[in-house]
Peer 1: 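So that we are looking at the same thing, I have put the structure below in structure tokens.
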Amino acid sequence: MEIVQTLIILLGLSFVRASSSSIGSEFDTSPSYSKFHFEEKVLEKLVRLEHKMQILEEKTDAREKFNTAKLDKINNIMDAMKKLNTAKLDEMKNIKKQTETFVQSVQDAQIQDQTRFNKSYQEIVEHFKTQATNETNIYGDQINTLLESFSSKIKVFTEAEKKRESVIELMQSNLDQMKKRFNSSYDQIVENFQVSSNKKLQEIISNIQTVVVTGCTNGAHTVSAGSLKFPDIQTSMGVSDLSSFKSSGKFTCQVPGYYYIAVNLMSYDDSTRIEIMRNSAAIHWQYMTGYTKEKSYWTPGASAMALELKSNDNVWIKLVSLKHIYQSCLTIFKIN
């Protein structure tokens with residue numbers, strides 16, 4: 001807000017100085033006009049200038065309210081994104097916990113089966129020893145049969161145990177693979193979310209970043225055709241390469257968006273023509289002074305327009321032919 005007010009005061013002072021110089025020169029060369037007419041014209045221009053300044057101040061207030069509302073909206077979006085991220089992280093933690101619980105239950109079941117098998121095996125052996133001790137002579141053939149049957153059962157148990165171990169190993173391998181896929185998917189989701197959030201945040205910051213520069217010429221100069229330079233920097237914010245602007249007169253866009261370009265120029269040459277350039281193309285041209293028979297006073301002129309600029313676009317003021325220039329300024333500021 002203070003920067004805009006400063007720009008308004010600078011432009012107003014420049015316009016009033018130019019107007020006063022123009023009117024004063026006119027009355028000096030035309031004695032028929034009275035002092036009353038001179039003061040009346042100055043007051044009339046001051047009233048119009050005050051009205052324009054008031055309109056510009058109202059627009060600036062509206063822009064500030066708009067930016068405040070946009071910042072509130074951005075904060076709401078960021079809060080919603082944080083809540084969504086927290087919910088996703090909680091859901092992933094629950095899935096991981098359920099997986100670990102399932103693996104633990106499988107391991108517990110394996111231990112229980114192994115314990116029951118060992119106990120059953122010991123009971124069979126003990127029972128066989130008891131029968132063998134009491135009935136060795138009577139049931140010799142039966143004992144042999146039982147031994148063979150027992151051996152076959154042991155083989156069956158052994159094969160079943162091997163199969164069970166194979167199944168458990170396969171299940172464990174599948175669980176490990178599921179864990180790896182889950183961890184990889186989780187990391188990828190978090191990384192994508194961070195990249196997306198950072199990109200969105202950079203876009204939001206770019207939309208609300210302030211960029212403004214005002215440069216002027218000092219004194220009277222004879223300027224050749226080409227890029228008009230404004231080395232005396234009056235105001236600057238958000239412009240990192242001021243040295244290039246001062247030496248070449250070309251403003252290089254670093255933050256894309258819509259920009260307002262305003263130039264005021266004073267010359268005592270007639271038909272002083274300028275062109276507002278974007279890169280190598282003329283976007284707008286205008287005669288800053290009209291035709292005069294006598295070059296007895298400096299005549300002011302002004303031109304302004306809004307442009308959409310992309311990264312690395314150049315904006316500069318082209319003077320079409322050699323002219324005498326005095327106390328001229330160029331202002332460029334980002335409006336969106």
Side-chain angles (χ1 to χ4, degrees), residues 1-11 14 55-81 192-217 227-264 274-284 302-318 328-336:
M1 182 66 182
E2 294 178 356
I3 295 173
V4 175
Q5 290 179 348
T6 303
L7 291 176
I8 293 172
I9 293 171
L10 287 173
L11 291 173
S14 176
I55 292 175
L56 184 56
E57 184 176 0
E58 292 175 355
K59 290 183 179 179
T60 304
D61 292 338
R63 173 57 59 181
E64 185 176 359
K65 292 180 181 179
F66 176 76
N67 285 337
T68 301
K70 185 178 286 188
L71 284 174
D72 293 338
K73 186 176 180 181
I74 291 169
N75 291 331
N76 294 333
I77 292 173
M78 294 300 296
D79 291 339
M81 291 172 68
N192 292 339
F193 177 76
Q194 290 177 346
V195 171
S196 177
S197 299
N198 291 336
K199 184 177 180 181
K200 188 66 177 178
L201 187 59
Q202 289 297 329
E203 292 177 355
I204 293 171
I205 292 174
S206 175
N207 287 334
I208 63 175
Q209 185 173 349
T210 299
V211 179
V212 60
V213 62
T214 294
C216 298
T217 62
S227 177
L228 192 57
K229 300 175 181 61
F230 303 91
D232 185 12
I233 303 301
Q234 300 293 323
T235 303
S236 173
M237 179 176 289
V239 181
S240 60
D241 194 4
L242 279 177
S243 59
S244 176
F245 175 74
K246 292 167 65 176
S247 61
S248 66
K250 295 183 179 181
F251 170 80
T252 301
C253 176
Q254 297 170 328
V255 181
Y258 286 91
Y259 285 77
Y260 185 79
I261 296 94
V263 57
N264 65 288
I274 65 162
E275 294 179 352
I276 299 178
M277 307 291 292
R278 179 171 58 192
N279 300 324
S280 60
I283 305 303
H284 173 71
S303 181
M305 67 181 305
L307 281 177
E308 180 182 7
L309 299 180
K310 299 179 181 179
S311 294
N312 299 322
D313 277 350
N314 290 322
V315 174
W316 51 287
I317 306 302
K318 179 180 179 182
S328 301
C329 293
L330 170 64
T331 296
I332 300 175
F333 62 90
K334 185 175 180 291
I335 58 179
N336 187 12

Peer 1: Who pairs with K318 by side-chain contact (heavy atoms from CB on, under 4.5 Å), at least two apart in sequence or on another chain?
Peer 2: E275, M277, W316
Peer 1: Ignoring hydrogens and geometry, is there a side-chain-to-backbone donor-acceptor pair from S244 to D241 under 3.5 Å?
Peer 2: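 Answer holds: no.
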Peer 1: Any side-chain heavy-atom pair from L307 and I261 closer than 4.5 angstrom?
Peer 2: yes
Peer 1: Output side-chain donor-acceptor pairs under 3.5 Å for residues 249-259, partner residues at least two apart or in another chain, one line each.
Peer 2:
residue	atom	partner	partner atom	Å
T252	OG1	N314	OD1	2.8
Q254	OE1	S240	OG	3.1
Q254	NE2	S240	OG	2.7
Y259	OH	V255	O	2.5

Peer 1: Does L330 form a side-chain contact (heavy atoms from CB on, under 4.5 Å) with I332? I'd like the steps, not just the answer.
Peer 2: CA-CA 7 Å; L330 170 64; I332 300 175; 4.1 Å; yes
Peer 1: Distance only, no hydrogens: is a donor on one side chain within 3.5 Å (strictly under) of an acceptor on the other, for T214 and T331?
Peer 2: yes
Peer 1: Can you find a heavy atom in the side chain of I276 that is under 4.5 Å from one in the side chain of S303?
Peer 2: yes
Peer 1: Do the side chain of D313 and the main chain of K310 share a donor and acceptor less than 3.5 angstrom apart?
Peer 2: yes
Peer 1: With distance as the sole test, does R278 use its side chain to make a donor-acceptor pair with the main-chain N or O of E308 at under 3.5 Å?
Peer 2: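 Here the side-chain-to-backbone pair exists.
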Peer 1: Supply the atom-to-atom distance D61 CG to E64 CD, rounded to the nearest 0.5 angstrom.
Peer 2: 6.5 Å
Peer 1: In Å and rounded to the nearest 0.5 Å, what is the CD1 to NE2 distance from I317 to H284?
Peer 2: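 Here the interatomic distance stands at 9.5 Å.
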Peer 1: With a 4.5 Å cut-off on side-chain heavy atoms, are V213 and F245 touching?
Peer 2: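 Sidechains of V213 and F245: in contact.
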Peer 1: Look up atom NZ in K73 and atom NZ in K70, then write down how far apart they are to the nearest 0.5 Å.
Peer 2: 9.0 Å
